[in-house]
A.B. asks: 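To start, I am sharing the structure in question, which I have written as structure tokens.
The structure displayed is predicted, hence computed values, not measured ones. Note that the numbering runs from 1 along the sequence shown for the chain.
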Amino acid sequence: MRKKMIAGNWKLHCNLREASDLLLDLRRLLSSMRHCDFLVIPPYTALSQAAQKLEDSRIALGAQDIFYEDKGAFTGAISGPLLKDVGCTYVLVGHSERRQLFGETLDSSLLRVKAALRAGLKPLLCLGETLEEREANRSAEVVLAQLEAVMRECTLAELEELVVAYEPVWAIGTGKVATPQQAQEVHKLIRERFYAQDAALAERIRLLYGGSVKPENAGELLAQEDIDGALVGGASLKAVDFAAIARACA
Ligand code: PEP
């Protein structure tokens with residue numbers, strides 16, 4: 001059985017003081033929860049401190065983006081080796097805010113996945129359709145194209161390192177959550193694509209749902225057969241809510 005994962009994307013929130021308080025609360029509230037794995041994804045400025053605060057805990061550390069070159073004249077970019085050095089084990093790739101606001105493309109997601117793997121980081125690949133695309137019945141096509149852009153260039157060993165998050169763009173930060181049935185339908189589709197590659201991989205790979213997950217809706221979402229956890233934005237900034245979401249998948 002796949003162990004569930006609850007990941008918190010803090011986005012552009014938390015100065016060092018706030019990050020420190022949040023991490024201390026999370027350590028306290030999550031320490032006895034063994035039924036799922038935890039990941040926090042603070043802004044870059046809090047990563048070094050977070051790595052220290054999370055030492056000897058069961059909470060893994062991730063970053064919100066990675067540039068696809070390892071070093072060089074790339075002002076403002078962050079590389080895999082630097083993220084690894086600071087203590088990250090995961091990195092988000094293809095978050096819809098990166099795709100929409102920062103011009104990340106299908107090709108550059110692939111390069112980012114490769115850069116993460118080169119550095120020994122696990123890519124948490126985000127996929128999702130916009131409202132327009134859903135209304136035009138194009139959800140499956142869009143999500144599978146985003147997935148394909150990465151899968152077609154990765155070896156089986158590389159794909160084993162991936163975690164995938166289905167995050168419908170219309171549900172991110174909007175308070176509009178996909179129904180458990182809508183989410184399950186897309187998750188099933190994604191898992192079927194992995195089955196076409198390799199059955200054992202498909203059984204193992206974790207597929208998270210993201211988009212306005214809250215303590216009140218987490219239970220039903222996380223009970224779906226192909227939903228193996230949650231990628232949480234807004235609600236991850238409150239330790240009690242993050243812990244309640246984790247409890248919902250017990
Ligand atoms: C996210 O940023 O990945 C996310 C799912 O945000 P929210 O939970 O706030 O919708």
A.B. asks: Rounded to the nearest 0.5 Å, what separates atom CD in Q146 from atom CG in L110?
C.D. replies: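 Rounded to the nearest 0.5 Å, the CD-CG separation comes to 13.5 Å.
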
A.B. asks: Go through the steps to decide whether L144 and L189 satisfy the test side chain to side chain contact (heavy atoms under 4.5 Å, CB included), and finish with yes or no.
C.D. replies: CA-CA 8 Å; L144 289 178; L189 205 69; 4.1 Å; yes

A.B. asks: Looking only at heavy atoms, which two atoms of L124 and A7 are closest? And how far apart?
C.D. replies: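 Scanning both residues, the minimum pair turns out to be CD1-CB, 4.4 Å.
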
A.B. asks: Below 4.5 Å, heavy atoms only, C-beta onward: do K71 and P81 meet side chain to side chain?
C.D. replies: no

A.B. asks: Are V169 and V150 connected, step by step, through hydrophobic side chains (Ile, Leu, Val, Met, Phe, Trp, Tyr) whose heavy atoms are closer than 4.5 Å?
C.D. replies: no

A.B. asks: Would you say the side chain of L125 lies within less than 4.5 Å of the side chain of R112, judging by non-hydrogen atoms?
C.D. replies: no

A.B. asks: A quick test of your reading: do over 12 heavy atoms of other residues, nucleotides or ligands sit less than 6.0 Å from CG of L12?
C.D. replies: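 Count not over threshold, so no.
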
A.B. asks: Counting only heavy atoms not in K176, do more than 12 fall under 6.0 Å of its NZ?
C.D. replies: no

A.B. asks: Strictly distance-based, threshold 3.5 Å: is any side-chain N or O of E185 a donor or acceptor partner for the main-chain N or O of Q182?
C.D. replies: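 No, because the side chain of E185 does not come within donor-acceptor range (under 3.5 Å) of the backbone of Q182.
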
A.B. asks: So which of L207, I205, D226 actually passes side-chain contact (heavy atoms from CB on, under 4.5 Å) with R2?
C.D. replies: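 Filter result, single survivor: D226.
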
A.B. asks: Check the pair I172 / S212 against side chain to side chain contact (heavy atoms under 4.5 Å, CB included), numbers first and verdict last.
C.D. replies: CA-CA 6 Å; I172 296 182; S212 297; over 6 Å; no

A.B. asks: I need the full list of ring pair (Phe, Tyr, Trp, His ring centres under 6.0 Å) pairs touching residues 181-204, with sequence neighbours left out, sorted by first then second residue.
C.D. replies: Y166-H187

A.B. asks: Any idea which heavy atoms bring C14 and L22 closest together, and the distance?
C.D. replies: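 Smallest interatomic distance, heavy atoms only, reads SG-CD2, 4.1 Å.
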
A.B. asks: Any chance you could measure M151, atom CE, to L156, atom CG, to the nearest 0.5 Å?
C.D. replies: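 Going from CE on M151 over to CG on L156, the span is 9.0 Å.
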
A.B. asks: Between D37 and K4, is there a side-chain N and carboxylate O pair less than 4.0 Å apart?
C.D. replies: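 The answer is no: the pair does not qualify as a salt bridge.
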
A.B. asks: If you measure from the Lys or Arg side-chain nitrogens to the Asp or Glu carboxylate oxygens, is any gap between D228 and R191 under 4.0 Å?
C.D. replies: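 Yes, D228 and R191 are salt-bridged.
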
A.B. asks: Could you check whether atom CD of Q224 has more than 12 heavy atoms from other residues, nucleotides or ligands sitting under 6.0 Å from it?
C.D. replies: yes

A.B. asks: With sequence neighbours excluded, what pairs up with D25 under the side chain to side chain donor-acceptor pair (under 3.5 Å) test?
C.D. replies: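 Residues passing side chain to side chain donor-acceptor pair (under 3.5 Å) with D25: R28.
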
A.B. asks: Does atom CD (E132) have a neighbourhood of more than 12 heavy atoms from anything else shown, all under 6.0 Å?
C.D. replies: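 No, because the 6.0 Å sphere around CD of E132 holds 12 heavy atoms or fewer from other groups.
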
A.B. asks: When Ile, Leu, Val, Met, Phe, Trp and Tyr are grouped by side-chain heavy atoms lying under 4.5 Å apart, directly or through other members, which residues fall in the same group as F102?
C.D. replies: L101

A.B. asks: How about N9 and Q64: do any of their side-chain heavy atoms sit closer than 4.5 Å?
C.D. replies: yes

A.B. asks: Passes side chain to side chain contact (heavy atoms under 4.5 Å, CB included), L162 versus R206? Steps please.
C.D. replies: CA-CA 8 Å; L162 281 190; R206 288 196 279 200; over 6 Å; no

A.B. asks: Going by an N to O cut-off under 4.0 Å, is there a salt bridge joining E158 and K114?
C.D. replies: yes

A.B. asks: Looking at every non-hydrogen atom in both residues, tell me the closest pair between C126 and L92 and how far apart they are.
C.D. replies: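 Smallest interatomic distance, heavy atoms only, reads SG-CD2, 4.1 Å.
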
A.B. asks: Check whether any side-chain heavy atom of Y68 lies under 4.5 Å from a side-chain heavy atom of V113, and answer yes or no.
C.D. replies: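 Heavy-atom side-chain distance check fails, nothing below 4.5 Å.
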
A.B. asks: List the residues meeting side chain to side chain donor-acceptor pair (under 3.5 Å) with D21, not counting sequence neighbours, and say none if there are none.
C.D. replies: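 Only R17 meet the side chain to side chain donor-acceptor pair (under 3.5 Å) criterion with D21.
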
A.B. asks: So do the side chains of V213 and N217 get within less than 4.5 Å of each other, counting heavy atoms only?
C.D. replies: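 Answer yes - side chains close enough.
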
A.B. asks: Mind checking whether F67 and L83 sit in one hydrophobic cluster, side chains of I, L, V, M, F, W, Y counted as touching below 4.5 Å?
C.D. replies: no

A.B. asks: Could you report the tightest heavy-atom contact between P123 and V93, atom names first, then the distance?
C.D. replies: CB-CG2, 4.2 Å

A.B. asks: What residues form a side chain to side chain donor-acceptor pair (under 3.5 Å) with T105, not counting sequence neighbours?
C.D. replies: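 For T105 the side chain to side chain donor-acceptor pair (under 3.5 Å) partners, ignoring immediate neighbours, are S108.
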
A.B. asks: Could you go step by step and tell me if W170 and E133 meet the side-chain hydrogen bond (donor to acceptor under 3.5 Å, both in side chains) rule?
C.D. replies: CA-CA 10 Å; W170 47 272; E133 289 161 345; over 6 Å; no

A.B. asks: Which pairs, with at least one residue in residues 75-94 and sequence neighbours excluded, count as a side-chain hydrogen bond (donor to acceptor under 3.5 Å, both in side chains)?
C.D. replies: none

A.B. asks: Hey, any chance L127 and V186 share a hydrophobic cluster, counting ILVMFWY side chains that come within less than 4.5 Å of each other, even indirectly?
C.D. replies: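 Yes: a chain of side-chain contacts under 4.5 Å links L127 to V186.
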
A.B. asks: E69: what forms a salt bridge (charged side-chain N to carboxylate O under 4.0 Å, His left out) with it, not counting sequence neighbours?
C.D. replies: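 E69 satisfies salt bridge (charged side-chain N to carboxylate O under 4.0 Å, His left out) with no residue once adjacent residues are dropped.
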
A.B. asks: Mind checking whether K122 and V163 have side chains closer than 4.5 Å, heavy atoms only?
C.D. replies: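 Of all side-chain heavy-atom pairs linking V163 with K122, none is under 4.5 Å.
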
A.B. asks: Under the 3.5 angstrom rule, does the side chain of R58 hit a backbone N or O of C36 as a donor-acceptor pair?
C.D. replies: yes

A.B. asks: Determine, step by step, whether V142 and R134 satisfy the side chain to side chain contact (heavy atoms under 4.5 Å, CB included) criterion, reporting the C-alpha distance in whole Å, the side-chain angles of both residues, the deciding distance to 0.1 Å, and the verdict.
C.D. replies: CA-CA 9 Å; V142 169; R134 173 157 284 264; over 6 Å; no

A.B. asks: Compile the donor-acceptor pairs under 3.5 Å between side chains in residues 236-250 and protein atoms, sequence neighbours left out, one pair per line.
C.D. replies:
| unit_1 | atom_1 | unit_2 | atom_2 | d |
| --- | --- | --- | --- | --- |
| S236 | OG | V232 | O | 3.3 |
| S236 | OG | G233 | O | 2.7 |

A.B. asks: Is L111 reachable from I78 through a run of hydrophobic residues whose side-chain heavy atoms are each under 4.5 Å from the next?
C.D. replies: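 The answer is no; the residues belong to distinct hydrophobic clusters.
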
A.B. asks: Any carboxylate oxygen within less than 4.0 angstrom of a Lys/Arg side-chain nitrogen, looking at E104 and R99?
C.D. replies: no

A.B. asks: If you measure from the Lys or Arg side-chain nitrogens to the Asp or Glu carboxylate oxygens, is any gap between E129 and R138 under 4.0 Å?
C.D. replies: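 Salt bridge: no.
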
A.B. asks: Taking all atoms of both residues into account, what is the closest heavy-atom pair of L221 and A183, and its distance?
C.D. replies: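 Answer, listing the atom of L221 first, then A183: CD2-CB, 4.1 Å.
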
A.B. asks: Name all residues meeting the side-chain contact (heavy atoms from CB on, under 4.5 Å) criterion together with S32; count only those two or more places apart in sequence or in a different chain, and write none if there are none.
C.D. replies: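 In terms of side-chain contact (heavy atoms from CB on, under 4.5 Å), with neighbours along the sequence ignored, S32 is linked to no residue.
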
A.B. asks: Which residue pairs satisfy the ring pair (Phe, Tyr, Trp, His ring centres under 6.0 Å) criterion with at least one member in residues 107-141, sequence neighbours excluded?
C.D. replies: none

A.B. asks: Determine whether V177 and Y209 make a side-chain contact, defined as any pair of heavy atoms from C-beta on separated by less than 4.5 Å.
C.D. replies: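 They are in contact (side-chain heavy atoms under 4.5 Å apart), so the answer is yes.
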
A.B. asks: Quick one: do L208 and I190 end up in the same hydrophobic cluster if we chain Ile, Leu, Val, Met, Phe, Trp and Tyr together by side-chain heavy atoms under 4.5 Å apart?
C.D. replies: no

A.B. asks: Please report the closest heavy-atom contact between L222 and A230, naming both atoms and the distance.
C.D. replies: CD2-N, 4.0 Å

A.B. asks: Check residues 38-50 and write down every donor-acceptor pair under 3.5 Å in which the side-chain atom is one partner and the other belongs to a residue at least two apart or another chain.
C.D. replies:
| unit_1 | atom_1 | unit_2 | atom_2 | d |
| --- | --- | --- | --- | --- |
| Y44 | OH | D65 | O | 3.4 |
| Q49 | NE2 | L16 | O | 3.1 |

A.B. asks: State, with a plain yes or no, whether a side-chain heavy atom of E167 is found less than 4.5 Å away from one of L231.
C.D. replies: yes

A.B. asks: Applying side chain to side chain donor-acceptor pair (under 3.5 Å), name anything that partners Q197, two or more places apart in sequence or on another chain.
C.D. replies: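 Side chain to side chain donor-acceptor pair (under 3.5 Å) check on Q197 returns R193.
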
A.B. asks: Using a strict cut-off of less than 4.0 Å between a Lys/Arg side-chain nitrogen and an Asp/Glu carboxylate oxygen, indicate whether K188 and E225 qualify as a salt bridge.
C.D. replies: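 So K188 does not pair with E225 through a salt bridge.
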
